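Reviewing the structure listed below.
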Amino acid sequence: MNKPFPPVALNGVCIDPDRVQGLSGTDQPGRILRQRGQHEVFCGLTSIIWLHRKMQDAFFLIVGSRTCAHLMQSAAGVMIFSEPRFATAIMEERDLAGLADMHDELDGVVERLLARRPDIRMLVLVGSCPSEVIKLDLARAAERLDARHQPARRVIAYSGSGIETTFTQGEDNFLAALLADAAKRAPGRTDSPARLVVAGCLADVVEDQFARLFTALGIDGVTFLPGRSATDRLTVGPGTRYVLAQPYLGATAAALEKAGASRIDALFPLGGEGTRAWLAAIADAFKVDPARFEAVIAKPLQRAGEATAHYRHWLSGKRVFFFPDSQLEPSLARYLQRELGAAIVEVGSPYLHREHVAGELALLSPDVLVSEGQDVERQIDRCRAASPDLIVCGLGLANPFEAEGRVTKWSIEFAFTPIQGFEQAGDLAELFARPLMRAALLDDAANRERLS
Ligand code: SF4
């Protein structure tokens, strides 16, 4: 049993001892601070922005309010002008008051949508806070619509509501829904199960690089989840191994295990070290000859090291503070600390899947404070007291911090930019270095102006 920690003072801020929970094992960071309070994070709907670009014949129909539609408009930016494959079926007062039959209304919206967009192969109904609060059963609606539109189209449902999900957890629920759909259709399948499932949405360029590396390593039967098309086959069975490419996939992992797959435990493929460890764990599971593995990864690993070293000067010794956003934070902090020489002050994450991030946490320095959840005012106090060189946070906090003369990095970019794999290591380093480079340039310009 974990012993309670004594009260601790961090940079002058006393942390409530009953919110502090110790980690077992001496190689783990000293403590995890759990916080529940006001939080500044996206809801799971936002993950639709990268999911709809990945799966190019799927359409995401949010069943929600004008708030949900406004969120998607703001988060998608200029994408909303390119007829994207997502929309919101807005619930009106009469729906909320129970004056209309929501299922009839939804069926009407779906019919009009499918008539207008015949290219849709998979319709995804996405639940929101309002649809959940009035207990609209989207799973049942999806089943009914699926039966009606088979075999031309599939209809599935999942929740992206702010009550249930934070940002990237929307993707987790989507992938779990895809797996449930695949299991439902499994009895008629004759194709053999995948040998390896790589779970987690990756940019196409990253997926292609990993696919080439798997071929070079002699690993075949690989399926990426999600696939690029709704018609891609997904068959999982007792012989299937799976590896997570993203750290926020608790429900997906559970669904894969329910289908009989077993997990390959690995670091996440960020930076040279993370990508090497991730590939090594897979190669080990498939009994790839170690000499062949080293030969395949030697050059890409070298390129990753050189590209990262280019930015080390900017980040070495810099103190970095992470606010919670995407659950990528422990892996990003590990990369910054070990490959760029940064000193991590606090790593905030909306949720920590202990088993999946155990390897990442074990590599962080013991003095790093790991915080799970958020009580934003308290976290801002800790951040100000620590006065880090770089703050990784959302846009709601970034400009106010900049106005105080602090340097920030907008965290959502890590979810939208291809950062996994050897070839993206330099881009990842640059994302952290750029705000520091810009601040230095502005300082220089201000000094020159003063002297002139
Ligand atoms: S799902 Fe909930 S949190 Fe997300 S935009 Fe809609 S109302 Fe807001």
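Order of listing sets the numbers, starting from 1, for every ligand and every atom in it. Not measured: the values here are computed from a predicted model.
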Residues R228, D232; criterion salt bridge (Lys or Arg N to Asp or Glu O under 4.0 Å); working and verdict | CA-CA 7 Å; R228 295 184 194 187; D232 284 356; over 6 Å; no
2.8 Å shell around atom 4 (Fe) of ligand 1, exclusive bound, protein N/O/S atoms | 1
Backbone N/O of [Y] and side chain of [X]: donor-acceptor pair under 3.5 Å:
| X | Y | value |
| --- | --- | --- |
| T240 | L196 | no |
| S161 | S128 | no |
| R153 | R121 | no |

Using a distance-only test with no angle check, is there a side-chain donor-acceptor pair under 3.5 angstrom linking N173 and S159?
-> no
Any side-chain donor-acceptor pair under 3.5 Å between T308 and Y335?
-> yes
